[in-house]
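Computation of the quantities below employed the complete heavy-atom set of this structure, encompassing side-chain atoms and omitting hydrogens, waters and symmetry-equivalent molecules.
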Amino acid sequence: MTMKERHKQIKDFIVQYMISHGYAPSYQEIGEGVGLYSKQSVYANIRQMNELGIIKAVPVQPRCISVPGYEFKEVEQ
């Protein structure tokens with residue numbers, strides 16, 4: 001199955017955010033980052049992506065998203 005363009009945008013945003021910040025973005029930050037202005041739209045996309053295995057998310061915990069194939073580590077500065 002091919003990944004939807006919107007799912008690719010969200011995944012890419014999550015990866016870049018985690019590289020920059022060291023933790024996952026909130027649903028609001030994801031929406032702002034990819035142009036989704038409804039939290040429900042963001043939630044629906046995250047749920048679909050989780051079911052498809054594109055990401056791993058724990059729905060009841062904020063910022064609890066991981067991307068299979070990526071490992072993010074905190075680096076001392």
Quiz prompt | Reference residue V42; test side-chain contact (heavy atoms from CB on, under 4.5 Å); the match among V34, L36, I10 | solution = L36

Quiz prompt | Candidate pair D12 and K8, rule side chain to side chain contact (heavy atoms under 4.5 Å, CB included), full reasoning | solution = CA-CA 6 Å; D12 291 346; K8 182 177 177 348; 2.8 Å; yes

Practice problem: Measure from the side-chain N and O atoms of E29 to the backbone N and O of S26, and report whether any donor-acceptor pair falls under 3.5 Å. | Solution: yes

Quiz item: Could you give the distance from CE (M49) to CE (M3), rounded to the nearest 0.5 Å?
Solution: 6.5 Å

Quiz item: Are any non-hydrogen side-chain atoms of L52 and H7 less than 4.5 angstrom apart?
Solution: yes

Quiz prompt | Shared hydrophobic cluster for F13 and Y37 (ILVMFWY, side-chain gaps under 4.5 Å) | solution = no

Exercise. Quick one: sort the H21 and Y17 rings into parallel, tilted or perpendicular, breaks at 30° and 60°.
Key: parallel

Quiz item: If you round to the nearest 0.5 Å, how far is CD1 of I54 from NZ of K11?
Solution: 7.5 Å

Self-check item: Least distance between heavy atoms, G53 atom then P68 atom
Solution: O-CG, 3.7 Å

Quiz item: How long is the gap from OG on S66 to CE on M18, to the nearest 0.5 Å?
Solution: 7.0 Å

Exercise. Could you go through the side chain to side chain contact (heavy atoms under 4.5 Å, CB included) check for Q48 and K4 one step at a time?
Key: CA-CA 10 Å; Q48 290 172 357; K4 292 182 183 177; 3.6 Å; yes

Quiz prompt | Minimum heavy-atom distance between I65 and A24, given as atom pair plus value | solution = O-CB, 3.8 Å

Quiz item: How many angstroms lie between atom NZ of K39 and atom CD1 of I30, to the nearest 0.5 angstrom?
Solution: 11.5 Å

Quiz item: Would you find a donor on one side and an acceptor on the other, under 3.5 Å apart, between the side chain of N45 and the backbone of S41?
Solution: yes

